[in-house]
Amino acid sequence: MTVNPFKPTAGAVPPLLVGRDALLAEVDEGIQSGPGHPARITIFTGARGTGKTVMLTESGDRAMAHGWLVIDESASPGMLARIGEAVDRLLEGVNPRARRRVTGVSIGGIGGVDTELTPQLAEGVRHRIGRLLDTLEKDGTGLLITVDEVQARSDDLRELALITQHLVRENREFAIVMAGLPSAVSDLLRSDAQGRVLTFLRRADKHVLADVATDEVHDALVATVTANGRTIATDAARAAAEATHGYPFLIQLVGFHVWRAAPDGAISLADVATGVEAARERLGTLVTDTALADLSPRDLEMLRAMAVDDGPSRMVDLGTRTGMSRQNADTYRRRLLDAGVIEQVARGHVDFALPYLREHLRSR
Ligand SMILES: Nc1ncnc2c1ncn2[C@@H]1O[C@H](COP(=O)(O)OP(=O)(O)O)[C@@H](O)[C@H]1O
Ligand SMILES: [Mg+2]
């Protein structure tokens, strides 16, 4: 039995990254172009399964290809302390020829290690990053920090933003790439109450990870299948690509289950039908249910009203169906947009942003 090359797992780097070359080229350019390049502060946002975590990993790989060091983090409590730890480890082992990547997961948790956020801690971390950069810059390299799961209300993230602002002002060889759900990122960028510190984040390069073109999906599916010793019929490849709707997680889910459905070397249209069915089921439990669990009853009411339509819905119709006032309907429209569950397709028209969500809602 040949190993299934597809990777339908959160955060797993896919066999072929579809449709993200231009974005990664920008990150790459930011690393190479020196301090002040806008891409040195980058934020990726998108719904679940659009490939945010993978983009952080790929950004880190680009940085390491230029000899940079990379720290991968997640915006949970204790992040700044963990970054400090990671910087220390890098300081100990700095070797210009060793491309390194660390995650600051070693402290916190049990044992009461002090991860409390204090001004001294932030000051210390800033100082230690500065020392690391002193060494790295002599070798013509720098430091990239990636932050996954951005939270609007993270004090650690706010401190890191402040540190970043200082490093940028000092023209250091430093870059930060962040990723989060649209709601978290827009809350973060909107949070005036948290002071001027974050205003510079609003000027960050912000990219929404949209669906990718199904033509590119088609080519990637065919390339992955053939590179792994199997073949796929022309109509089968077309059908499989269409079934992904260009949604990154589905590319892997469809690829994985179609591969499994074909018992021998050649993948047929019938295998695709079987595989797509299995992929859709997995999508329901892995992504759709999780996305819906975050929503309020009123949010869901709005979505159910949308599911009545076969295509994009008119806001006026949604108002009528739910009995919400125009203003109320607008509030829920914005909430669902921020959650990455719906998208605005034209003035006054919205549609589902996650594939098969309509069918999912109808089946309940
Ligand atoms: N551009 C892409 N092309 C193909 N597969 C992708 C792409 N981006 C992500 N994937 C796959 O989609 C799934 C979800 O990616 P992940 O980075 O975990 O998304 P997110 O962090 O946005 O929830 C993984 O299985 C990953 O391999
Ligand atoms: Mg992720």
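Heads up: numbering here begins at 1 and tracks the sequence.
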| request: Evaluate whether atom NE2 of H166 has more than 12 neighbouring non-hydrogen atoms of other residues, nucleotides or ligands under 6.0 angstrom away. | output: yes
| message | Is it true that D148 and S74 share a donor-acceptor pair across their side chains at a distance under 3.5 Å? | response | no
| said: Exactly one of R321, R358, R362 should register a salt bridge (Lys or Arg N to Asp or Glu O under 4.0 Å) with D309. Which one does? | reply: R321
| task | Indicate whether any N or O donor in one side chain lies under 3.5 Å from an N or O acceptor in the other, for T322 and R298. | result | no
| task | List the steps and the verdict of side-chain contact (heavy atoms from CB on, under 4.5 Å) for M324 and L318. | result | CA-CA 8 Å; M324 287 186 202; L318 299 179; over 6 Å; no
| query | Is the closest basic N to carboxylate O distance between R334 and D330 below 4.0 Å? | reply | yes
| message | Show, in sequence, the C-alpha distance, side-chain angles and deciding distance for D215 and R238, and conclude whether the side-chain contact (heavy atoms from CB on, under 4.5 Å) test is met. | response | CA-CA 9 Å; D215 279 351; R238 217 357 89 207; 3.6 Å; yes
| request: For residues L157 and Q151, determine if any side-chain heavy atom of one lies less than 4.5 Å from a side-chain heavy atom of the other. | output: no
| request: Would you check if I129 and L133 make a side-chain contact, meaning some heavy-atom pair closer than 4.5 Å? | output: yes
| request: Check the pair R40, V168 against side-chain contact (heavy atoms from CB on, under 4.5 Å), reporting the backbone distance first and the verdict last. | output: CA-CA 9 Å; R40 286 211 168 177; V168 166; over 6 Å; no
| message | Between D317 and S313, is there a side-chain donor-acceptor contact under 3.5 Å, judged purely by atom types and distance? | response | no
| message | Please determine whether the number of non-hydrogen atoms from other residues, nucleotides or ligands lying under 6.0 Å from atom CZ of R260 exceeds 12. | response | no
| query | Does the side chain of N328 come under 3.5 Å of the side chain of T331 through a donor N or O and an acceptor N or O? | reply | no
